[in-house]
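In what follows, a single structure is set out as structure tokens and then discussed.
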Amino acid sequence: MRSTRSLFLVLIVSAMCTAVTAHNITDILKDHPEYSQFNGYLSQTKLADEINRRTTITVLVLNNSAMSALVGNNPITVIKDELMVHVLLDYFDGKKLHQFSNGTTLTTTLYQTTGNAQGNSGFVNITDLRGGKVAFGAAALGSKLDSFYSKSIKQIPYNISVIKISYPIIVQSILAAPAPSASDVNITALLEKAGCKTFAGLLVSSGVIKTYESAVADGLTVFAPSDEAFKAKGVPDLSKLRDADVVALLEYHAASSYNPVGTLIITKNPISTLATKGLGKFDLTVTTAGDEVTLHTGVASSRVAATVLDSTPLAILTVDNVLLPSELFGKAPSPAPAREPAQSPLDASQPAAPSETPAESPADGSEDSTVHNASVHENAPAFFAAVLTVICSVILS
Ligand SMILES: *[C@@H]1O[C@H](CO)[C@@H](O)[C@H](O)[C@H]1NC(C)=O
Ligand SMILES: *[C@@H]1O[C@H](CO)[C@@H](O)[C@H](O)[C@H]1NC(C)=O
Ligand SMILES: *[C@@H]1O[C@H](CO)[C@@H](O)[C@H](O)[C@H]1NC(C)=O
Ligand SMILES: *[C@@H]1O[C@H](CO)[C@@H](O)[C@H](O)[C@H]1NC(C)=O
Ligand SMILES: *[C@@H]1O[C@H](CO)[C@@H](O)[C@H](O)[C@H]1NC(C)=O
Ligand SMILES: *[C@@H]1O[C@H](CO)[C@@H](O)[C@H](O)[C@H]1NC(C)=O
Ligand SMILES: *[C@@H]1O[C@H](CO)[C@@H](O)[C@H](O)[C@H]1NC(C)=O
């Protein structure tokens with residue numbers, strides 16, 4: 001009976017999923033070779049995922065020669081921020097561009113949602129010039145209004161409008177203070193600053209930090225548990241684990257691909273981690289509720305708490321709980337021996353919590369806390385219900 005119900009939910013969910021992913025910017029632009037650079041950068045920076053999951057937006061597209069001017073010698077972080085300025089969080093088609101009551105308006109861009117926008121750098125000024133010309137420019141005082149509406153590329157009212165503009169909208173503060181590029185980032189220092197000292201210390205002492213660093217170039221997403229997470233009840237005593245298992249556990253805390261939160265939100269397939277050595281091993285599944293992302297290990301789950309860094313191709317996110325892979329902690333009895341009264345070297349101030357079930361969910365209890373690895377399947381209906389809730393909330397919002 002349960003499987004029938006699951007199947008039914010799967011059908012509803014997949015039907016709704018196709019409705020949610022109603023537009024695909026990569027697909028819209030793929031038949032226009034003159035926008036191939038712009039399209040390529042949308043994919044590389046994962047902005048395509050952000051655009052696809054939103055509605056009531058306008059994408060201001062540049063042709064390859066205009067895009068080359070924007071790219072110049074700029075690092076990918078600058079290009080991504082600039083491209084975000086070219087995504088307007090409102091729907092403008094050719095008609096609406098000529099209907100501003102004062103002939104001019106400031107509109108919010110995707111860059112404003114990053115929280116990095118200084119002053120009004122997250123806004124774009126659109127002005128209807130006489131003679132049917134519409135100009136775009138950065139909102140900051142003294143910016144030039146020197147980019148013009150050229151033509152419409154695609155309109156799906158009122159979900160997405162894709163229009164061509166002549167020149168890039170340049171925001172001086174983005175060029176002046178580029179975000180650090182991924183290769184220059186000191187991961188340990190950032191983790192320490194973000195309240196993940198224990199995790200940073202483990203990465204260094206185990207040497208796994210080197211694995212992380214060499215993986216950055218191909219895309220890396222770090223899921224860093226907070227210091228609180230390591231103190232939670234049910235976290236196994238890492239000093240009792242074999243070195244190889246500590247390494248696997250730490251490698252499990254990084255996806256071997258670049259997945260900023262906007263990408264995790266639309267992720268349906270399990271994601272591989274640095275611990276993944278074979279198909280379906282040491283992977284993570286993702287569920288979403290609104291803008292909140294939860295990772296599931298098969299043993300327990302954890303909320304993604306915050307973004308520490310989003311610098312293509314490296315994302316560093318914090319998580320509320322230590323991620324316990326079912327390959328290490330999913331079997332009963334757990335390979336992690338019960339704690340002795342000895343104190344954990346991870347945190348000398350924290351008395352070792354007696355725990356009969358070391359793999360017990362350190363999470364909020366929202367997930368089955370049993371130690372066997374069937375929990376994922378047992379939770380299937382709940383999982384689909386959660387997905388359904390998310391989808392409904394997306395549609396209603
Ligand atoms: C617009 O997006 C909604 C989902 O957000 C979808 O249901 C609808 O079909 C889309 N409209 C068109 C014309 O694609
Ligand atoms: C969007 O379109 C591209 C190109 O057609 C395709 O490769 C990609 O899988 C599509 N994305 C989604 C989420 O369907
Ligand atoms: C139009 O401009 C005037 C003067 O700048 C301003 O007071 C008014 O709020 C504007 N109206 C709209 C709809 O933006
Ligand atoms: C847009 O820029 C023009 C030219 O600088 C300015 O006159 C206009 O007031 C600006 N529009 C808004 C809404 O700030
Ligand atoms: C690109 O756009 C600019 C501005 O609209 C135009 O002058 C130029 O001819 C276009 N280049 C190509 C190759 O279409
Ligand atoms: C990175 O930061 C850590 C901790 O702040 C420091 O110990 C280390 O020397 C730094 N590494 C580099 C290469 O600067
Ligand atoms: C857990 O899964 C592994 C393979 O993924 C299997 O060999 C093992 O029997 C399972 N354990 C339980 C308790 O279901």
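These numbers come from a predicted model, not from an experiment. Counting convention: from 1, in listed order, for ligands and their atoms alike.
Summary of contacts: the protein heavy atom closest to atom 4 (C) of ligand 6 is E192 OE1, 3.5 Å. Closest to atom 5 (O) of ligand 5, if we only count protein heavy atoms, is K164 NZ, 3.1 Å.
Taking only nitrogen or oxygen atoms, main chain and side chain alike, Y167 does not reach within less than 3.5 Å of ligand 5. Distances between N or O atoms of N186 and those of ligand 6 include at least one value under 3.5 Å.
Closer than 4.0 Å to atom 14 (O) of ligand 6 lies at least one heavy atom of the protein. Within the 4.0 angstrom cut-off, atom 7 (O) of ligand 5 has no protein heavy-atom neighbours.
In this structure, E228 pairs ionically with K231, as a charged nitrogen and a carboxylate oxygen lie closer than 4.0 Å. A salt bridge links R303 with D320: the distance from a Lys NZ or Arg NE/NH1/NH2 to an Asp or Glu carboxylate oxygen falls below 4.0 Å.
For the pair S214 (side chain) and K210 (backbone), a donor-acceptor distance under 3.5 Å is present.
At a 4.0 Å cut-off, at least one heavy atom of S65 sits close enough to ligand 5 to count as contact.
A tilted orientation is assigned to the rings of Y212 and F199, their planes being inclined by 30° to 60°.
Other residues, nucleotides and ligands contribute only 12 or fewer heavy atoms inside 6.0 Å of the OH atom of Y158. Taking a 6.0 Å sphere around CG of D243, one finds it holds 12 or fewer heavy atoms contributed by other residues, nucleotides or ligands.
Those atoms of ligand 1 that come under 4.0 Å of a heavy atom in A22, given as number and element, are 10 (C), 14 (O). Per-residue contacts place N63 under 4.0 angstrom from the following atoms of ligand 5 (heavy atoms of the residue considered): 1 (C), 2 (O), 3 (C), 8 (C), 10 (C), 11 (N), 12 (C), 14 (O). Listed by number with element, the atoms of ligand 5 under 4.0 Å from a non-hydrogen atom of S166 are 4 (C), 5 (O).
Rounded to the nearest 0.5 angstrom, L110 CG and D81 CG are separated by 10.0 Å. Expressed to the nearest 0.5 Å, how far NZ of K268 lies from OG1 of T287 amounts to 13.5 Å.
Of all the listed residues (N159, I156, T55, T56), N159 holds the heavy atom that lies closest to atom 2 (O) of ligand 1.
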